Amino acid sequence: MSFLRNCWYMATWSSELEPAAPMARKFLDVPVVLFRDSDGVPHALLDRCPHRFAPLSKGVVNGDILTCNYHGLGFAGSGACASNPHGPVLRNMAVPSYAVHEAHRAIWIWMGDQDAADISLIPDFDVLEVAPDNAFSCGRIHSNGNYELFSDNLLDLTHADYLHANTVMGAQFATVEVKVKSTDDTVSIEYCFFDQEANILIKDLPGVPGRIDQRSHLSWHAPGHMILYIDFAPVGTNDLSNSLRFTNIHCVTPETATSTHYFFASSRNFLTDDAVANQKIAESRLALFENEDAPMIEAQQAQLGTRTLWELNPLSLKIDDAGVRARRILAAHIKEEQATSKNKDILQLV
Amino acid sequence: MSFLRNCWYMATWSSELEPAAPMARKFLDVPVVLFRDSDGVPHALLDRCPHRFAPLSKGVVNGDILTCNYHGLGFAGSGACASNPHGPVLRNMAVPSYAVHEAHRAIWIWMGDQDAADISLIPDFDVLEVAPDNAFSCGRIHSNGNYELFSDNLLDLTHADYLHANTVMGAQFATVEVKVKSTDDTVSIEYCFFDQEANILIKDLPGVPGRIDQRSHLSWHAPGHMILYIDFAPVGTNDLSNSLRFTNIHCVTPETATSTHYFFASSRNFLTDDAVANQKIAESRLALFENEDAPMIEAQQAQLGTRTLWELNPLSLKIDDAGVRARRILAAHIKEEQATSKNKDILQLV
Amino acid sequence: MSFLRNCWYMATWSSELEPAAPMARKFLDVPVVLFRDSDGVPHALLDRCPHRFAPLSKGVVNGDILTCNYHGLGFAGSGACASNPHGPVLRNMAVPSYAVHEAHRAIWIWMGDQDAADISLIPDFDVLEVAPDNAFSCGRIHSNGNYELFSDNLLDLTHADYLHANTVMGAQFATVEVKVKSTDDTVSIEYCFFDQEANILIKDLPGVPGRIDQRSHLSWHAPGHMILYIDFAPVGTNDLSNSLRFTNIHCVTPETATSTHYFFASSRNFLTDDAVANQKIAESRLALFENEDAPMIEAQQAQLGTRTLWELNPLSLKIDDAGVRARRILAAHIKEEQATSKNKDILQLV
């Protein structure tokens with residue numbers, strides 16, 4: 001399986017990476033160690049000491065240096081060897097490093113050509129940064145399913161009517177027309193509802209009307225960053241632009257061809273200082289993803305095995321439009337990247 | 001590994017398949033979902049929605065329709081699509097279906113050429129049907145051993161003298177001559193004992209004499225259906241045709257090349273209304289199969305790995321006669337079927 | 001992966017193999033059953049009945065005969081069939097056997113050309129035999145790491161400074177020069193310390209001074225037998241030849257290319273009748289190996305997968321000298337053996 005390498009992937013939520021606690025995580029089949037230096041700045045190295053291949057994630061952070069816990073070689077965040085208790089420090093003692101950047105309450109990693117890592121390409125998820133603590137939650141699930149199955153899942157919200165029938169509300173998305181738009185790099189979907197019952201997730205929140213108008217708008221961009229706006233207001237509100245809004249982020253980062261780090265977050269523009277509501281929303285969402293989405297996607301993956309979706313010749317339905325557009329965009333990007341790839345050296349190291 | 005496809009396999013005991021509860025079970029490497037319609041009639045479909053390959057066994061049965069729990073496509077027992085919430089129902093939306101038939105307290109499945117499925121070919125296990133509830137028990141073990149190893153095991157009852165020495169009775173079958181007979185489709189074995197101690201399994205049952213004459217007769221037919229009659233009577237009874245009789249059924253259905261659904265049942269013509277004896281017999285048998293037979297067969301399989309028995313060049317003993325005849329019959333059937341196979345389409349779908 | 005076959009490997013500590021209790025253990029990818037005959041003499045056979053491949057380790061020992069628990073073939077320690085309940089005993093019913101010899105509180109096995117098994121080649125670990133019971137302990141860890149990684153680990157004791165920093169003492173071995181010597185068959189390392197703090201493992205033992213002079217000397221010989229002398233005495237003792245001494249044995253026996261039976265023992269010439277100290281030393285050592293060494297080696301193996309160390313082009317440090325010499329010696333032995341191999345028949349049987 002090929003991955004898009006010259007792009008930013010979410011590596012971890014900021015809150016997951018604590019000081020002086022190196023973290024092992026695999027991205028695109030590459031074992032990586034993440035750690036913070038003495039200023040809290042995150043770094044990412046190949047999680048494999050060049051000496052005898054001990055995982056550096058089993059090591060110790062002292063100041064800015066990550067020291068291998070097997071024979072004591074120390075490495076800076078740049079990957080350069082910083083200390084060798086057994087002789088001189090030489091140039092060839094470096095370990096591959098990967099560009100990382102902390103933004104929007106997350107740490108982003110660039111696994112491809114390191115010279116091309118441009119932080120202006122990090123997804124504009126400012127909304128996460130400005131969210132008050134009591135109107136924000138985030139989480140991560142590790143799942144044994146391919147990351148594109150997660151994008152497919154979100155790019156067709158009709159799945160909620162069935163998979164989440166008892167936890168969201170049953171027939172809803174499948175009852176209206178979806179508007180699909182796309183560019184060379186993005187795909188968006190929009191569903192509008194009028195005069196419908198508030199769903200299970202929101203109906204008991206303070207201030208939410210019993211019946212609402214709602215607009216759900218999700219946009220995807222390659223390789224797998226999604227932002228979902230759910231706007232709703234009392235029935236009859238013509239303009240939803242000043243309505244109650246959930247802003248939900250979903251990012252899928254391939255661990256391997258058949259497993260995914262699925263990151264998600266939620267913020268909102270109402271009940272922004274209600275810790276109880278915030279907790280309840282976080283728990284409901286996590287339960288949905290853990291108990292309903294991830295198991296279904298893992299079941300799909302189990303059917304696929306090592307085959308791609310296309311190899312099994314799936315039946316096409318109208319609802320697949322957005323997901324298929326996203327798959328085509330990503331496939332085109334990967335094809336283009338492979339035609340011009342400069343990052344062969346890094347690939348061969350691992 | 002090749003399987004015989006144009007034949008009936010036991011899919012499940014009737015009692016295992018409850019109304020409105022789809023059941024996932026793999027046969028011959030094919031994932032299958034079994035479910036009952038509103039009349040209780042069983043159906044079997046490929047356990048893979050043609051849309052995005054969600055397992056239909058995670059779906060919901062409403063009336064006669066099994067609805068996929070991912071995006072809501074509904075399927076009839078025939079495999080035809082019965083409902084599509086996202087557009088028209090088209091012919092190409094069908095999922096492969098497999099003939100099933102409920103008989104003899106079990107559900108039988110035909111995994112091969114569906115036009116050839118002939119219920120008159122279902123093994124004549126009428127005896128199960130007529131057994132009173134208190135003279136009947138059945139069960140199933142899933143085991144990581146090839147199904148032919150299970151047939152081998154039963155077609156040479158001398159194994160009981162060693163493997164079941166402490167739970168049946170030790171030296172017994174190996175002390176007498178076995179009569180082996182075979183046809184193009186069947187193999188049978190018969191052991192006769194005179195004036196022997198009643199074994200552990202039966203000696204404490206009410207009315208069983210301390211010393212008995214006994215005849216054990218097992219017949220196998222392809223692909224792996226076996227019926228074992230154990231007749232016994234007080235010492236000196238010349239004719240065992242009106243004796244006490246256990247009628248035991250053993251059916252082995254390949255899940256994969258290295259795993260098996262092992263089905264077994266027992267009925268008898270005495271103590272037919274003794275629930276306590278019935279329970280005790282059921283528990284003793286299950287314990288034998290679970291603790292002694294299945295672990296030994298799994299240990300054989302572990303030694304074989306992905307190799308066949310013949311590839312390891314086994315030492316031949318006289319006791320292998322019946323098992324080897326059965327293996328040859330089955331191999332001939334498979335060879336013949338493959339020479340004339342019409343079921344390529346189904347195979348390619350999966 | 002190739003192993004050196006014509007050599008002795010430690011198969012088990014004597015205390016692990018009880019009378020009448022056959023033990024399954026895999027060596028060099030070969031499943032072996034070990035058992036003691038009626039005189040307590042150990043024997044080793046291929047753990048696979050030639051009839052239907054049941055593991056003989058599931059069998060029963062009667063006198064000198066190991067009887068298969070599936071159909072009752074009995075085998076002598078020589079591998080010859082000793083009883084067949086189903087017909088004559090024939091020459092071709094034998095199972096491969098492996099030379100074993102009990103010495104130094106252990107049982108040693110020769111997996112190669114059986115004619116070449118020469119007990120004078122068993123490592124001279126007499127020291128284990130003469131150790132009083134209260135000055136001796138031994139153990140075994142099964143680990144999913146290649147056996148040469150275990151030798152590497154011990155042939156560079158600087159690892160202790162990092163891996164065992166909190167359980168031994170931190171910076172120690174890396175602070176002094178190591179003396180490395182080798183022959184065609186052996187490698188030795190020696191570290192000397194003067195006026196250093198007694199480490200965590202020994203400092204609380206009765207009679208151990210607070211500051212000591214110490215010499216650690218480890219010698220390895222192919223395929224993976226190591227003896228480590230740790231001599232120490234009060235600061236200023238010029239001659240350590242009559243000092244306090246630990247004599248520690250480490251033997252690594254490949255189970256497969258990626259897993260190892262790691263055997264270790266410790267004896268000493270002081271506190272020789274202190275059961276409490278003996279127990280404490282045994283527990284500390286086991287904890288080190290189980291919690292620190294084995295997990296690190298398994299982590300290395302996980303990075304290597306099925307690749308050898310050299311395939312990943314490791315960075316060479318001065319501290320690798322001894323380990324690399326040992327690897328070269330072993331590789332030369334294996335190459336030589338393969339050029340002149342007589343044991344192809346045995347290999348093909350398995």
Side-chain angles (χ1 to χ4, degrees), chain B residues 145-146 148-168 170-178 180 189 191 291-324 327, chain C residues 20 22-27 29-33 45-62 65-75 79-97 255-257 259 345-350:
Chain B
N146 175 273
E148 289 191 280
L149 295 175
F150 279 86
S151 298
D152 288 343
N153 181 62
L154 287 155
L155 282 163
D156 172 14
L157 293 177
T158 70
H159 81 269
D161 299 8
Y162 302 92
L163 190 57
H164 308 313
N166 301 316
T167 46
V168 181
Q172 179 183 19
F173 292 98
T175 63
V176 299
E177 204 68 26
V178 61
V180 180
I189 51 175
Y191 304 80
N291 304 335
E292 299 176 352
D293 292 294
M296 182 58 88
I297 288 166
E298 295 188 350
Q300 285 181 287
Q301 187 66 55
Q303 299 274 352
L304 290 171
T306 56
R307 298 170 294 194
T308 66
L309 193 73
W310 307 123
E311 287 179 78
L312 260 79
N313 194 23
L315 176 67
S316 280
L317 300 180
K318 213 168 53 177
I319 51 175
D320 304 328
D321 183 7
V324 169
R327 283 179 172 263
Chain C
M23 172 197 281
R25 197 162 277 181
K26 190 178 275 186
F27 306 113
D29 276 327
V30 179
V32 169
V33 54
L45 307 177
L46 180 65
D47 190 16
R48 184 186 292 164
C49 181
H51 172 225
R52 287 298 169 102
F53 314 132
L56 295 173
S57 55
K58 287 168 95 65
V60 174
V61 178
N62 284 115
I65 305 303
L66 175 58
T67 298
C68 178
N69 204 33
Y70 202 7
H71 300 99
L73 291 186
F75 299 93
C81 184
S83 64
N84 171 12
H86 315 293
V89 169
L90 302 174
R91 265 263 196 80
N92 72 340
M93 291 175 174
V95 66
S97 66
E255 181 189 55
T256 68
S259 60
D345 289 349
I346 286 173
L347 297 185
Q348 284 169 356
L349 268 173
V350 180

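Small disclaimer: the values here were computed from a predicted structure and weren't measured. In what follows, every chain begins at residue 1, and chains take the letters A, B, ... in the order their sequences are listed.
Between C:R52 and B:L315, the closest side-chain pair of non-hydrogen atoms is not below 4.5 Å. Contact annotation: the side chain of C:F53 approaches that of B:L309 to within less than 4.5 Å [non-hydrogen atoms, C-beta and beyond]. C:P55 places a side-chain heavy atom less than 4.5 Å from the side chain of B:M296.
In this structure, the side chain of B:Q303 does not engage the main chain of C:P31 through any donor-acceptor pair within 3.5 Å.
Side-chain contact check for C:H71 and B:D161: no donor-acceptor pair (N or O, by modelled atom type) lies under 3.5 Å.
C:L90 does not touch chain B: none of its heavy atoms, backbone or side chain, sits under 4.5 Å away. Looking at C:N92, both its backbone and its side chain come within 4.5 Å of chain B, counting heavy atoms on both sides.
No more than 12 heavy atoms of other residues, nucleotides or ligands shown are found within 6.0 angstrom of CD on B:E177.
Residues in residues 292-301 of chain B take part in these side-chain hydrogen bond (donor to acceptor under 3.5 Å, both in side chains) pairs, two or more places apart or across chains: B:S143-B:E298, B:N153-B:D293, B:H159-B:D293, B:H164-B:E292, B:H164-B:D293, B:T167-B:E292.
Atom-to-atom distance recorded for C:H86:NE2 and B:D320:CG is 9.0 Å, nearest 0.5 angstrom. Atom CE of C:M93 and atom CG of B:L317 lie 5.0 Å apart (nearest 0.5 Å).
Chosen from C:L73, C:N69, C:N84, the residue pairing most often with chain B at heavy-atom distances under 4.5 Å is C:N69.
When every heavy atom of B:Y162 is checked against every heavy atom of C:Y70, the shortest pair comes out as CB-O, 3.8 Å.
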